[in-house]
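A quick write-up on the structure given underneath.
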There are 2 protein chains.
Amino acid sequence: MTTLHIVDDDEAIRDALGWLFQSRNVPVAGWPSAESFLESWRPDTVGCLLLDIRMEGMSGLELFDRLLSKGCRMPVIFLTGHGDVPIAVGALKKGARDFVEKPFNDNELVDRVIDALAFDAEQREREAGQAGLAARLATLTQRERQVMELVVAGRLNKVIADELGISMRTVEVHRSHVFEKMRVKTAVELTRLLTGAA
Amino acid sequence: MTTLHIVDDDEAIRDALGWLFQSRNVPVAGWPSAESFLESWRPDTVGCLLLDIRMEGMSGLELFDRLLSKGCRMPVIFLTGHGDVPIAVGALKKGARDFVEKPFNDNELVDRVIDALAFDAEQREREAGQAGLAARLATLTQRERQVMELVVAGRLNKVIADELGISMRTVEVHRSHVFEKMRVKTAVELTRLLTGAA
DNA sequence: GCGGCTATTGTGGATATCCGCAGAGTCGGC
DNA sequence: GCCGACTCTGCGGATATCCACAATAGCCGC
């Protein structure tokens, strides 16, 4: 289980939520403002976000926007005592995970947070696989990448040789280097890797 | 542009919406109840749905559920004068396209409907490609399908022959039949077809 | 300048794939 | 019973792919 980040400018609420989640064995971190969380956020911050909408300074919605533009993919649950439908709809359409009104039912909120944390874990697992892939892709040279793209496009070696204006033999060399670096044995496996198939 | 299906038990609202959308050149069909629309719905019904939540008889939400279980993929916009946040959040999380409160702004509603119609058109375009694929897949025999799966899994012919307990030559025959029926020339192309790559 | 990386090409041989020609057995429909 | 399908198999040859061995050349850093 990873951390639930609670951003709310009301210390009493942060404390109450802190107790609630710690009693359910959900690790919690509290932040008194959108600014403070934004400052401490790093691309490798994991878990989920419980975000109050109305706060002094930056609002929860604005924090959400800023995080999105920074590439943050953590699931976000909005919490608000002033929630209205257009705001909820807008937040969800932008990609928020959930939207809960105060006063909330403790068990329900816990369920939603756990759901969001599970989603985050799954998402990171998926991305971990992609990270290894990206690392292997990074070891390819330009030429190898070109050849790889044509191989994955279904071209035969002779056609690739034509298109790149080099000999078939050279294509074979690059091709085998690609297979080795990408740790596959056939063009089909490589295609599956790059198109993200099971 | 395809049809906007308006489901609302208030004739005055249906009429008003009908005028609004017809003036914007959006074809409209009106339904006085969830039941009436559900009855007339067919898997090839296209466009988008504008659904009132509170109605005599079946509610808009229930209609949505029923349509989903029938495999309906039309984008749905909920319209309600009694909307509250939990309902909106629930509807959107179930896959509704949008959620609008009455009273609404005419231009905004039109924009959202047009957005939903465009989404529906794109979605059907994507599915059209898949339909041709499905048709070709249907022409394969059991054996050809088995061979195809192993080919796409990256196995060599000799391995496939082993796994199926048949000779390599037979695998080659099935393989070439698969290529012919699926209209591809290489295993890589076939893999791309089946994994839905660009 | 030497060593390492990249890109290039060739020869030749082992494997794999693609295909036409030929034949055979099963099963279901007319 | 014959015909059409699906399945199975072998032979041989044309292509394609995989790979070890061998070599040339430019670029970059130590």
Side-chain angles (χ1 to χ4, degrees), chain A residues 129-198, chain B residues 129-198:
Chain A
Q130 299 297 309
L133 173 59
R136 278 176 280 171
L137 276 173
T139 67
L140 298 179
T141 65
Q142 290 68 37
R143 214 44 162 169
E144 286 166 351
R145 230 183 304 279
Q146 289 176 353
V147 171
M148 181 184 70
E149 281 166 19
L150 294 170
V151 167
V152 169
R155 307 278 209 293
L156 296 180
N157 284 352
K158 58 156 65 173
V159 181
I160 298 176
D162 268 2
E163 292 191 26
L164 296 182
I166 56 182
S167 81
M168 244 184 73
R169 187 62 189 88
T170 307
V171 173
E172 290 175 30
V173 171
H174 288 313
R175 181 183 177 124
S176 83
H177 284 165
V178 169
F179 283 8
E180 190 184 344
K181 288 183 177 176
M182 301 304 287
R183 294 176 204 160
V184 294
K185 285 195 295 294
T186 68
V188 170
E189 291 177 50
L190 182 61
T191 304
R192 297 178 69 82
L193 250 192
L194 295 183
T195 58
Chain B
Q130 299 297 305
L133 173 59
R136 278 174 280 170
L137 276 173
T139 68
L140 298 179
T141 65
Q142 293 68 37
R143 215 45 163 170
E144 286 166 353
R145 232 184 303 280
Q146 290 176 354
V147 171
M148 181 184 71
E149 281 167 19
L150 293 170
V151 167
V152 169
R155 308 277 209 294
L156 295 181
N157 283 354
K158 57 155 65 171
V159 181
I160 298 175
D162 268 2
E163 292 191 25
L164 296 182
I166 57 182
S167 82
M168 246 185 73
R169 186 64 187 91
T170 306
V171 173
E172 290 175 27
V173 172
H174 289 313
R175 181 182 177 127
S176 83
H177 284 164
V178 169
F179 283 9
E180 190 183 343
K181 288 182 177 177
M182 301 305 287
R183 294 176 203 161
V184 296
K185 284 194 296 295
T186 67
V188 168
E189 290 177 51
L190 182 62
T191 304
R192 296 178 70 83
L193 250 191
L194 296 182
T195 58

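Chain letters run A, B, ... following the sequence lines, proteins first, then strands; residues in each count from 1. None of these values were measured; they are calculated from a predicted model.
- A straight line from CG of B:Leu190 to P of C:dT17 spans 14 Å, rounded to a whole angstrom.
- We find that NZ of B:Lys185 is positioned 12 Å from P of C:dC18, with the value rounded to whole Å.
- The side-chain heavy atoms of B:Met168 and B:Glu172, taken from C-beta on, include a pair separated by under 4.5 Å.
- By the 4.5 Å heavy-atom criterion applied to side chains, A:Lys158 and A:Asp162 are not counted as neighbours.
- Within the nucleic acid shown, A:Thr141 comes within 4.0 Å of sugar-phosphate atoms alone, with no base atom in reach, counting heavy atoms only.
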Exercise. Between A:Val178 and A:Val151, does a side chain to side chain contact (heavy atoms under 4.5 Å, CB included) hold up when you go through it step by step?
Worked result: CA-CA 10 Å; A:Val178 169; A:Val151 167; over 6 Å; no

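- Side-chain N/O atoms of B:His174 include one lying less than 4.0 angstrom from OP1 or OP2 on D:dC8.
- OP1 or OP2 of D:dA16 has not a single side-chain nitrogen or oxygen of A:Asn157 nearer than 4.0 Å.
- Separating the CG atom of A:Asp162 from the C1' atom of C:dT9 is a distance of 16 Å, rounded to the nearest angstrom.
- When the side-chain nitrogen and oxygen atoms of B:Lys158 are compared with OP1 and OP2 of C:dT15, none of them lie within a distance under 4.0 Å.
- Salt bridge status for B:Glu189 with B:Arg192: absent, with no side-chain N to carboxylate O gap under 4.0 Å.
- The base of D:dC6 lies outside donor-acceptor range of the side chain of B:Glu144, with no N or O pair under 3.5 Å.
- Remark: C1' of C:dA16 and CD1 of B:Ile160 are 12 Å apart, rounded to the nearest angstrom.
- Residue-level contact check: A:Arg143 touches the backbone only, with heavy atoms under 4.0 Å from sugar-phosphate atoms and none from bases.
- In this structure, B:Ser167 and B:Thr139 both approach DNA chain D, and ranking their closest nucleotides by distance from the 5' end singles out B:Thr139.
- In this entry the distance linking NE2 of A:His177 with P of C:dC5 reads 12 Å, nearest Å.
- Computed from coordinates, the B:Leu156 CG to D:dA16 P distance equals 18 Å when rounded to whole Å.
- For the OP1/OP2 pair of C:dC19 and a distance below 4.0 Å, the side-chain nitrogens and oxygens of B:Ser176 include no atom meeting the criterion.
- We find that CD of A:Gln146 is positioned 13 Å from C1' of C:dT6, with the value rounded to whole Å.
- A donor-acceptor contact under 3.5 Å links the side chain of B:Glu172 to the base of C:dC19.
- You'll find that the side chain of B:Phe179 is closest to C:dC18, out of D:dC6, C:dT8, C:dC18.
- In this entry the distance linking CD of A:Glu180 with C1' of D:dA20 reads 13 Å, nearest Å.
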For this session: Dump the intermediate steps for side chain to side chain contact (heavy atoms under 4.5 Å, CB included) on A:Arg143 and A:Ile166, then the final yes or no.
Result: CA-CA 11 Å; A:Arg143 214 44 162 169; A:Ile166 56 182; 3.4 Å; yes

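- Residue A:Arg169 places a side-chain atom within donor-acceptor reach of the base of C:dT11, judged by atom type and a 3.5 Å distance cut-off alone.
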